[in-house]
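Numbered from 1 within each chain, the chains take letters A, B, ... in sequence-line order.
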Number of protein chains: 2
Amino acid sequence: MGRPKQFDEEAAVARAMEVFWTNGYAGSSPAELAEAAGIGKGSLYHAFGSKRELFGRALDTYDRAGAEFTEEFLSAPGSTKERIRAYLRLLVDVDFDAPVRRGCLAVNTALELGGRDEGATAAVRRAVERSTDLLAARIERGKLAGDVPAAVDAAEQARFLMVTIAGLRVTARIFDRETVHAAIDTALAGL
Amino acid sequence: MGRPKQFDEEAAVARAMEVFWTNGYAGSSPAELAEAAGIGKGSLYHAFGSKRELFGRALDTYDRAGAEFTEEFLSAPGSTKERIRAYLRLLVDVDFDAPVRRGCLAVNTALELGGRDEGATAAVRRAVERSTDLLAARIERGKLAGDVPAAVDAAEQARFLMVTIAGLRVTARIFDRETVHAAIDTALAGL
DNA sequence: ATGGTTTTTGAATCAGAGGTCAAATATGTG
DNA sequence: CACATATTTGACCTCTGATTCAAAAACCAT
């Protein structure tokens, strides 16, 4: 019963996520979002309720995709330090190689809405915590493998790395690749 | 000749800076800016030309004030590590104690306009470089004082610290004071 | 095919943004 | 005092943003 949906909701959210990622929450108009999703403005509101709710869906999608990618990347072969270094470099290199520097949606959202929008703040916090746990687990494995000094506190180091990642993604908006790469190497001295 | 200015331009820029700092560039309307500056919209445009130009002035003011404060703070007595730790803690504590978390205008601008607005990008880069130089100078002094291991590369460490500071100011929008303080301690292990 | 139901769409709405302007106001000069 | 010059102001203008809505379209069941 009823007219069937003409578009894939997940796909539409994914397209909207790209727009939010590139232009920020306030910087993304319903018209842009609808066009990117390939639907009319009305359909967008019918399906998602409001721009803010659509953004929530986009954040969730970003979180899920990011966690999946991070998990896979960190479990690839190589020493802990090398793997984490490769991870940090990849994060910034993706940005440098992209046609437009857009950084990280979570970091961007933390700055744009952190402290102002409770839901968005919580969503970003969850995403960061998820990545922190993945990094901590990788460091823990490194300790077991004798890869990382036993004295290192994995959770603490992981939290520090997340701060560093946030800083790197900000810095990559302003400075060149070499400067950022050098900062990565300095940051990893503690491992 | 001519009617004399009824307001202090520097003071008006300082008030506008607060608005931009709190609400971002796009998030600050001419009406708000004019009201904060205590003048009419017309006067604002007459004196500054455009919102964008006013923002440029605000960025300059922020840079100058920040550099002055940093220089003074870092040259206070105490070991290098303790002074820098106190500096980082102060930066985030100011935010935690403020009625509204607004982070750092330079970091906010890097994310909002970095890569999109050449002038703003350059202004932020200048501000970051200025702070980097001040930190490097302090570390260098620490090396002379025997405070910091001679093997430490002051410039490199300073650049890394700036990345960390950016990350801290992002993180402070999302997490609590204790988490951020812990990250500071971990970051300073290299000194 | 008629109905009941859900989706789609673009037009319409209302508010606010960024900016301009003419008129009013306040000086120094002749 | 009248003039040239510079500043102030709020009304005004145009454009866009976020959202709503009525009507058309597409399906299933009878």
How is Gly2(B) classified with respect to the nucleic acid when contacts are heavy atoms under 4.0 Å: base, sugar-phosphate, or nothing? base

At 4.0 Å (heavy atoms only), tell me whether Phe48(B) reaches a base, stays on the sugar-phosphate, or touches nothing. nothing

Euclidean distance, atom [atom1] of residue [X] to atom [atom2] of [N] [Å, nearest integer]:
X        : N       : atom1 : atom2 : value
Leu54(A) : dA18(D) : CG    : P     : 12 Å
His46(A) : dT9(C)  : NE2   : P     : 12 Å
Lys5(B)  : dA26(C) : NZ    : C1'   : 14 Å
Met1(B)  : dT25(C) : CE    : C1'   : 18 Å
Ile39(B) : dT9(D)  : CD1   : P     : 8 Å
Leu33(A) : dT19(D) : CG    : P     : 11 Å
Glu53(A) : dT20(D) : CD    : C1'   : 15 Å
Gln6(B)  : dT27(C) : CD    : C1'   : 10 Å

Measure from the side-chain heavy atoms of Pro30(B) and tell me the nearest of dG18(C), dT19(D), dG19(C). dG18(C)

With nearest nucleotides of DNA chain C determined for Ala31(B) and Gly49(B) from heavy-atom distances, which residue corresponds to the more 5′ nucleotide? Ala31(B)

Could you check Tyr25(B) against Phe7(A) and say which one's nearest nucleotide on DNA chain C is further toward the 5' end? Phe7(A)

Taking the six-membered ring of Phe48(A) as reference, does the cationic atom of Arg57(A) (NZ for Lys, CZ for Arg) lie under 6.0 Å from its centre and within 45° of its axis? no

Should the pair Arg126(B)-Asp63(B) be classified as a salt bridge under the 4.0 Å nitrogen-to-oxygen rule? no

Between Lys81(A) and Asp147(A), is there a salt bridge with N-O shorter than 4.0 Å? no

Could you check Tyr45(A) against Gly38(B) and say which one's nearest nucleotide on DNA chain D is further toward the 5' end? Gly38(B)

Is the closest side-chain donor-acceptor distance between Thr109(A) and Tyr25(A) under 3.5 Å? no

Does the side chain of Glu53(A) come under 3.5 Å of the side chain of Ser50(A) through a donor N or O and an acceptor N or O? yes

Donor/acceptor link under 3.5 angstrom from Arg3(A) side chain onto base of dT8(C): no

Under 3.5 Å, is there any donor-acceptor pair linking the side chain of Lys41(B) to the base of dG19(C)? yes

Side-chain N or O of Ser43(A) closer than 4.0 Å to phosphate OP1/OP2 of dT9(C): yes

May I ask you to evaluate whether Ser29(A) reaches the phosphate of dT16(D), defined as a side-chain N or O under 4.0 Å from OP1 or OP2? no

